[in-house]
Amino acid sequence: MSEVDKASALTILTMEHNTLQMIRTATITDATGRAGHLLTTISASMIALGFVAQVVPVTVLLTLLLVVSTALFLIGLATLFRTVELSIEDVQAGLGINRIRHVYAELEPFTRDVFVRQMHDDTLGVEVDGGRTGWRKARRPRLIGTALGVSGLVNLVNGLVAGVVAGAAAGLLNASLMWSIAIGAVMAVAVISAFGVALTRIGRRGLAPITTRYPRTTRTEGDPPPCSTTSST
């Protein structure tokens, strides 16, 4: 590659690198902001119900709890799916940055030993770059539906709200306190697990169209084999 072409390529790659970094910043800010708004809404609702509980009968309180919790659950669903979309977008931008960093090293080989971040867009490269190394056998990093990310936190909170809905409904049906707690706990676990599995699949489908162009060519002890150059749909 001529010096002119190399200079043009570096300019284009630098601009794209900056754009992807801005996208990552925007997605993280948006996701954390939405999660914060959800938690604030739930906290304010619970405080209000706490004041109401001092002056209304139990039946009225359970009815209000059921209505308010159902609304919070719907808000949580909207927040959950949006944070999943943002997580996918963030990982896609991370893959792009890894690729660009790899091309930097190809254009200027002496910079290869300078980079401390990953230069590979395979599963292991993305996981190590994001500090997540617990799922080494996956084709793509399983970042969706875990309690480690914003979407995982929202899924956990939404499951707890679903448990409150179920417990309030059981109380209105004259179930005992222990039965209401048990029903709520079962519902919370079921919702968290079901949405965790569903969101993991959504995340994988969101990343499936992206092929692996720069896998690791060498392996260290304990590393899995690099992914193939095409990902399954």
Side-chain angles (χ1 to χ4, degrees), residues 23-91 130-132 134-135 141-206:
I23 290 174
R24 298 201 73 180
T25 301
T27 56
I28 294 172
T29 301
D30 192 1
T32 54
R34 289 175 181 271
H37 289 319
L38 175 63
L39 294 176
T40 300
T41 304
I42 293 175
S43 299
S45 300
M46 294 300 102
I47 292 173
L49 287 174
F51 285 114
V52 173
Q54 301 176 20
V55 295
V56 298
V58 175
T59 303
V60 176
L61 177 62
L62 289 176
T63 302
L64 290 174
L65 183 61
L66 178 62
V67 173
V68 172
S69 298
T70 301
L72 293 175
F73 180 75
L74 295 177
I75 296 173
L77 281 183
T79 304
L80 177 60
F81 284 106
R82 182 54 184 160
T83 53
V84 170
E85 292 176 348
L86 292 170
S87 297
I88 294 173
E89 188 175 358
D90 177 64
V91 175
R132 300 174 178 88
W135 307 290
R142 293 183 285 182
L143 308 181
I144 311 301
T146 71
L148 301 179
V150 176
S151 57
L153 173 63
V154 175
N155 184 35
L156 177 63
V157 172
N158 221 35
L160 296 177
V161 173
V164 173
V165 172
L172 287 174
L173 295 175
N174 296 324
S176 65
L177 178 61
M178 292 302 299
W179 273 109
S180 298
I181 294 174
I183 293 173
V186 171
M187 177 61 71
V189 172
V191 170
I192 293 171
S193 301
F195 277 97
V197 173
L199 298 179
T200 300
R201 294 180 178 178
I202 293 174
R204 289 177 179 175
R205 290 178 181 178

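It should be emphasised that the depicted structure is a prediction, and the values quoted were computed from it without experimental measurement.
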**Request:** Please determine which of Thr63, Leu61, Leu49, Leu62 meets the side-chain contact (heavy atoms from CB on, under 4.5 Å) test together with Val56.
**Result:** Leu61
**Between OG1 on residue Thr200 and CZ on residue Arg205, distance to nearest 0.5 Å** = 12.0 Å
**Message:** Under the criterion side chain to side chain contact (heavy atoms under 4.5 Å, CB included), I'd like the reasoning laid out for Thr59 against Leu172: C-alpha separation, chi angles, the key distance, then a yes or no.
**Reply:** CA-CA 7 Å; Thr59 303; Leu172 287 174; 4.1 Å; yes
**Asked** So, for Gly171 and Ser180, which heavy atoms are closest and what is the spacing to 0.1 Å?
**Response** N-OG, 3.6 Å
**Asked** Any idea which heavy atoms bring Val154 and Gly76 closest together, and the distance?
**Response** CG1-O, 3.9 Å
**Asked** How long is the span from the CG atom in Leu86 to the CZ atom in Phe81, to the nearest 0.5 Å?
**Response** 13.5 Å
**Request:** For Ala166 and Gly184, work out which heavy atoms get closest and say how close.
**Result:** CB-CA, 4.3 Å
**Prompt:** Ile88 pairs by side-chain contact (heavy atoms from CB on, under 4.5 Å) with which of Asp90, Val91, Val84?
**Reply:** Val84
**Prompt:** Under 4.5 Å between any side-chain heavy atoms of Ile42 and Ser45, yes or no?
**Reply:** no
Acceptor/donor pairs from residues 31-39 side chains to any protein atom, 3.5 angstrom cut, sequence neighbours excluded:
| residue | atom | partner | partner atom | Å |
| --- | --- | --- | --- | --- |
| Thr32 | OG1 | Ile28 | O | 2.8 |
| Thr32 | OG1 | Thr29 | O | 3.0 |
| Arg34 | NE | Asp30 | OD1 | 2.9 |

**Asked** Hey, mind stepping through Ile23 and Glu89 against side chain to side chain contact (heavy atoms under 4.5 Å, CB included) and telling me if it holds?
**Response** CA-CA 8 Å; Ile23 290 174; Glu89 188 175 358; 3.6 Å; yes
**Request:** For residues Leu80 and Thr83, report the shortest heavy-atom separation together with the two atoms involved.
**Result:** O-OG1, 2.7 Å
**Message:** Can you confirm whether Ile183 sits close enough to Met178 that some side-chain heavy atom of one is under 4.5 Å from a side-chain heavy atom of the other?
**Reply:** no
**Asked** If you round to the nearest 0.5 Å, how far is CD1 of Ile181 from OG of Ser176?
**Response** 8.5 Å
**Complete:** One should read off an interatomic distance between Ser69 OG and Leu64 CG, to the nearest 0.5 angstrom, of 10.0 Å
**Request:** To the nearest 0.5 Å, tell me how far Leu160 CG sits from Ile192 CD1.
**Result:** 5.0 Å
**Interatomic distance, Thr79 atom OG1 to Phe73 atom CZ [nearest 0.5 angstrom]** = 11.5 Å
**Prompt:** Do any N or O atoms from the side chain of Ser193 and from the backbone of Ala190 form a donor-acceptor pair under 3.5 angstrom?
**Reply:** no
